[in-house]
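See structure below.
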Amino acid sequence: MAERPEDLNLPNAVITRIIKEALPEGVNISKEARSAISRAASVFVLYATSCANNFAMKGKRKTLNASDVLSAMEEMEFQRFVTPLKEALEAYRREQKGKKEASEQKKKDKDKKTDSEEQDKSRDEDNDEDEERLEEEEQNEEEDVDN
């Protein structure tokens, strides 16, 4: 847990970026207002985490999951955020699935390439052995002719 209350605040850069994205262009915000929003956001995150943790504890789990957070939003009477959060969660899961599939495909392609290279190397070694055998046979034939 945090040792000092200010350790619980979200990073100012993140808060500033969120504020700028939420406000129309040309609207400024004072340093004091930005600080107040930052503290309010931190309190909200702590409260939502605490509520979500209660749902995890009821389920006899130590790990919070998405359903805990969604349930916490409903309990905190933020029902209007549940649908957008579910949509964002689904988009995140699709993105992660796509990344995982791409990673697996890349690994398969790499394995195929490695297998192909090993086969080529094996063929080259076999060809080298065949060439050596032919040379030996030719030398043996020459020796036999000389004798």
Side-chain angles (χ1 to χ4, degrees), residues 1-140:
M1 212 55 199
E3 296 176 18
R4 302 172 300 165
E6 52 272 8
D7 290 342
L8 301 175
N9 289 336
L10 298 170
N12 285 331
V14 173
I15 297 299
T16 300
R17 181 174 42 87
I18 293 170
I19 291 170
K20 284 182 178 180
E21 289 174 6
L23 292 174
E25 196 172 318
V27 175
N28 295 322
I29 185 165
S30 71
K31 188 174 182 179
E32 186 178 79
R34 187 175 21 250
S35 177
I37 290 172
S38 177
R39 287 192 193 112
S42 297
V43 168
F44 174 79
V45 169
L46 289 170
Y47 182 54
T49 303
S50 178
C51 287
N53 186 50
N54 290 339
F55 283 101
M57 288 173 52
K58 286 177 188 174
K60 297 181 181 175
R61 292 178 284 109
K62 291 185 178 184
T63 303
L64 305 181
N65 60 36
S67 66
D68 297 327
V69 175
L70 294 171
S71 297
M73 288 293 131
E74 289 176 355
E75 182 176 287
M76 294 168 23
E77 298 182 8
F78 283 100
Q79 290 87 350
R80 72 181 207 173
F81 292 110
V82 172
T83 300
L85 283 173
K86 284 181 181 178
E87 291 169 357
L89 178 61
E90 285 305 312
Y92 171 78
R93 287 178 175 162
R94 281 191 302 273
E95 181 183 328
Q96 293 302 307
K97 184 178 179 183
K99 286 181 180 179
K100 183 178 178 183
E101 289 172 353
S103 174
E104 288 172 353
Q105 185 62 43
K106 188 175 180 181
K107 187 176 186 289
K108 284 180 184 177
D109 292 346
K110 183 179 178 185
D111 290 345
K112 283 182 183 178
K113 183 179 178 185
T114 302
D115 289 346
S116 176
E117 288 173 352
E118 287 175 3
Q119 288 174 352
D120 290 346
K121 185 177 178 183
S122 177
R123 268 190 234 113
D124 290 345
E125 290 172 354
D126 289 346
N127 288 340
D128 290 346
E129 289 173 4
D130 289 343
E131 288 176 12
E132 288 174 10
R133 251 183 275 139
L134 286 173
E135 287 176 9
E136 284 179 24
E137 288 175 7
E138 287 175 0
Q139 285 177 351
N140 288 339

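Since we're looking at a predicted model, the values are computed, not measured.
- Atom CG of L70 is separated from atom CD of E75 by 13.0 Å, given to the nearest 0.5 angstrom.
- Considering only heavy atoms from C-beta on, K99 stays 4.5 Å or farther from S103 through its side chain.
- Nearest heavy-atom pair, M76 versus A48, reported as atom, atom and distance to 0.1 Å: SD-CA, 3.5 Å.
- Closest approach of D68 to A52, counting heavy atoms only: CB-O, 3.6 Å.
- The backbone N or O of V45 sits less than 3.5 Å from a side-chain atom of T49, completing a donor-acceptor pair.
- Put simply, OG on S35 and CG on N9 are 7.5 Å apart, with the number rounded to the nearest 0.5 Å.
- When all heavy atoms of F44 and M73 are compared, the pair lying nearest together is CZ-CE, 3.6 Å.
- The CG atom of N28 lies 12.0 Å from the CD1 atom of I19; values are rounded to the nearest 0.5 Å.
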Applying side-chain contact (heavy atoms from CB on, under 4.5 Å) to I37 and I18, what does each step give before you reach the verdict?
CA-CA 10 Å; I37 290 172; I18 293 170; over 6 Å; no
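- The minimum heavy-atom distance between A66 and L89, with the atom names listed, is CB-CD2, 3.4 Å.
- A centroid separation of 6.0 Å or more is found between the aromatic rings of F78 and Y47.
- Q79 and E74 get closest at one heavy-atom pair: NE2-O, 3.5 Å.
- In this structure a side-chain-to-backbone donor-acceptor pair under 3.5 Å is missing from S38 to R34.
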side-chain contact (heavy atoms from CB on, under 4.5 Å) between V82 and L85: does it pass, once the steps are laid out?
CA-CA 5 Å; V82 172; L85 283 173; 5.7 Å; no
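- Comment: E104 does not engage K107 in a salt bridge, judged by the lack of any side-chain N to carboxylate O separation of less than 4.0 angstrom.
- Minimum heavy-atom separation, A41 to I15: CB-CD1, 4.0 Å.
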Could you walk me through whether K97 and R93 pass the side-chain contact (heavy atoms from CB on, under 4.5 Å) check?
CA-CA 6 Å; K97 184 178 179 183; R93 287 178 175 162; over 6 Å; no
Go through T16 and K20 one step at a time and tell me if the side-chain contact (heavy atoms from CB on, under 4.5 Å) criterion holds.
CA-CA 6 Å; T16 300; K20 284 182 178 180; 3.9 Å; yes
